[in-house]
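The structure presented is a predicted model; accordingly, all values stated were derived computationally and were not measured. Below, chain A is the first sequence line, B the second, and so on; all start at residue 1.
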Number of protein chains: 2
Amino acid sequence: MAAGLSRSAISSAMSNAEPASLFAALGDATRLGLIASLSDGKARSIVQLGDGLPISRQAVAKHLDVLHDAGLVHRRKSGREVQYALRHEAIEAAQGWLDQVSAQWDGALARLKLMLEGGKG
Amino acid sequence: MAAGLSRSAISSAMSNAEPASLFAALGDATRLGLIASLSDGKARSIVQLGDGLPISRQAVAKHLDVLHDAGLVHRRKSGREVQYALRHEAIEAAQGWLDQVSAQWDGALARLKLMLEGGKG
DNA sequence: AGAAAATGCAACTCTATGGTTGCGCTTTAG
DNA sequence: CTAAAGCGCAACCATAGAGTTGCATTTTCT
């Protein structure tokens with residue numbers, strides 16, 4: 001994975017605002033389901049996406065709005081209906097943030113190990 | 001990254017509930033900041049974590065409660081104060097979910113490419 | 001043209017969430 | 001012992017979030 005972060009690269013070099021809204025959009029089981037459905041790359045309409053779900057069409061539309069505002073899906077009007085498709089870049093952004101946390105974590109472990117091994121004598 | 005998922009491994013094999021609460025806990029700029037602070041592996045008290053933040057100690061404590069309920073941090077009482085530390089497993093769980101989405105996405109792209117190249121003649 | 005399908009818009013209800021303040025309890029520090 | 005530091009509990013407020021229902025609008029389909 002990524003590496004090379006010296007100190008606290010996250011809290012200083014990041015605003016924490018955009019990633020927060022991203023994660024917030026992911027923080028709902030229904031929306032995660034929608035994303036999982038769309039993860040095959042195919043675009044789907046609101047009705048298609050809501051098919052099988054125990055909520056109203058409007059609820060689905062609202063969830064898709066949230067996902068769209070967070071940049072997680074791409075909207076495209078096609079005749080009578082609207083096609084929603086996954087925007088992989090947003091997923092990658094979320095992954096990026098988590099990767100930074102992990103990188104710092106790994107770095108901390110590495111430094112701790114070095115300290116214990118090298119500086120113990 | 002990860003690979004080897006055949007079809008829609010996410011929506012079928014996952015309940016979407018636990019990852020949702022995980023992402024929900026990450027969906028707040030203040031909490032992301034706390035996690036970023038803790039990502040160096042060191043444990044900190046509530047007062048320490050709230051130092052510099054423009055909110056009350058209670059607000060910080062509530063955020064830490066959320067993070068704890070989501071399994072993102074580990075609580076440990078030490079004398080008069082309570083030490084919070086990052087639980088890297090939870091971060092990995094979030095990464096895992098996103099990785100599955102990405103894997104399916106990549107798989108879909110690969111299949112599409114194969115279809116376009118192989119089946120065009 | 002007329003019916004049916006797929007949305008959009010708006011109003012409304014409920015509950016969860018982020019934040020606050022006040023008070024009491026336990027653990028150091030003098 | 002007395003202060004004060006660090007927390008937890010509880011009440012309270014305001015707003016955002018999920019979900020609903022009703023109705024108008026735009027596209028198909030026949």
Side-chain angles (χ1 to χ4, degrees), chain A residues 11 15-38 42-85 90 94, chain B residues 15-38 42-85 90:
Chain A
S11 43
S15 52
N16 277 347
E18 316 112 46
S21 53
L22 235 177
F23 285 126
L26 293 172
D28 180 280
T30 300
R31 284 196 291 268
L32 283 190
L34 294 175
I35 290 189
S37 298
L38 292 173
K42 300 178 190 167
R44 288 174 182 77
S45 72
I46 297 184
V47 186
Q48 287 177 318
L49 286 169
D51 187 59
L53 297 186
I55 57 179
S56 71
R57 168 188 61 88
Q58 287 298 334
V60 178
K62 279 193 183 183
H63 280 302
L64 289 170
D65 263 357
V66 174
L67 292 177
H68 183 254
D69 288 349
L72 277 160
V73 297
H74 168 249
R75 225 199 290 262
R76 183 192 151 213
K77 181 155 194 175
S78 167
R80 162 170 46 174
E81 51 189 32
V82 178
Q83 302 286 349
Y84 284 85
Chain B
S15 53
N16 276 348
E18 317 112 45
S21 53
L22 236 177
F23 286 125
L26 293 173
D28 180 281
T30 301
R31 285 196 290 268
L32 282 190
L34 293 176
I35 290 189
S37 298
L38 292 173
K42 300 178 190 167
R44 288 175 182 75
S45 72
I46 298 183
V47 185
Q48 285 178 320
L49 285 168
D51 187 59
L53 296 185
I55 58 180
S56 71
R57 169 188 61 89
Q58 288 298 335
V60 178
K62 279 194 183 181
H63 281 302
L64 289 171
D65 263 356
V66 174
L67 292 177
H68 183 255
D69 287 348
L72 277 160
V73 297
H74 168 249
R75 225 198 290 261
R76 183 193 151 211
K77 182 155 194 175
S78 167
R80 164 170 46 174
E81 52 189 32
V82 178
Q83 301 286 348
Y84 284 85

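Across the protein-nucleic acid pair, B:R80 atom CZ and D:dA4 atom P stand 12 Å apart, rounded to whole Å. We find that CD1 of A:I46 is positioned 11 Å from P of C:dC9, with the value rounded to whole Å. Note: CG (B:L53) to C1' (C:dG19) measures 13 Å, nearest angstrom. For the pair B:L64 CG and C:dT17 P, the computed distance is 16 Å after rounding to whole Å. Atom pair A:Y84:OH and C:dG8:C1' shows a separation of 10 Å (rounding to whole Å applied). For the pair B:L26 CG and C:dT17 P, the computed distance is 14 Å after rounding to whole Å. Atoms CD (B:Q48) and C1' (D:dC7) sit 14 Å apart, rounded to a whole Å. Rounded to a whole Å, the CD atom of A:Q83 is 15 Å from the P atom of D:dT27.
Side-chain contact between B:L38 and B:L67 is absent, with no heavy atoms from C-beta onward closer than 4.5 Å. Side-chain contact between B:V82 and B:R76 is absent, with no heavy atoms from C-beta onward closer than 4.5 Å. Using a 4.5 Å heavy-atom threshold, the side chains of B:I46 and B:L49 count as separate.
Rounding to the nearest 0.5 angstrom, the gap separating the NZ atom in B:K62 from the CD1 atom in B:I55 is 10.5 Å. We find the CD-CD distance between A:E81 and A:Q48 to be 6.0 Å, quoted to the nearest 0.5 Å. Here the CG atom belonging to B:L72 is positioned 4.5 Å from the CD1 atom belonging to B:I35, to the nearest 0.5 angstrom.
A salt bridge links A:D65 to A:R75: one of the charged nitrogens lies within less than 4.0 Å of a carboxylate oxygen.
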So which protein N/O to nucleotides 17-21 of chain D N/O distances come out below 3.5 Å?
residue	atom	partner	partner atom	Å
D:dA18	OP1	A:R31	NH1	2.9
D:dA18	OP1	A:R31	NH2	2.8
D:dA18	OP2	A:R31	NH1	3.4
D:dG19	OP2	A:H63	NE2	2.3
D:dG19	N7	A:K62	NZ	3.0
D:dG19	O6	A:K62	NZ	2.5
D:dT20	OP2	A:S56	N	2.8
D:dT20	OP2	A:S56	OG	2.7

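If you check the side chains of B:R44 and B:Y84, you find no donor sitting under 3.5 Å from an acceptor.
Between B:F23 and the options A:L22, A:D28, A:L26, a side chain to side chain contact (heavy atoms under 4.5 Å, CB included) holds for only A:L26.
Relative to the axis of its first five pairs, the axis of the last five pairs of the helix from C:dA1-D:dT30 to C:dG30-D:dC1 sits at 30°, rounded to 10 degrees.
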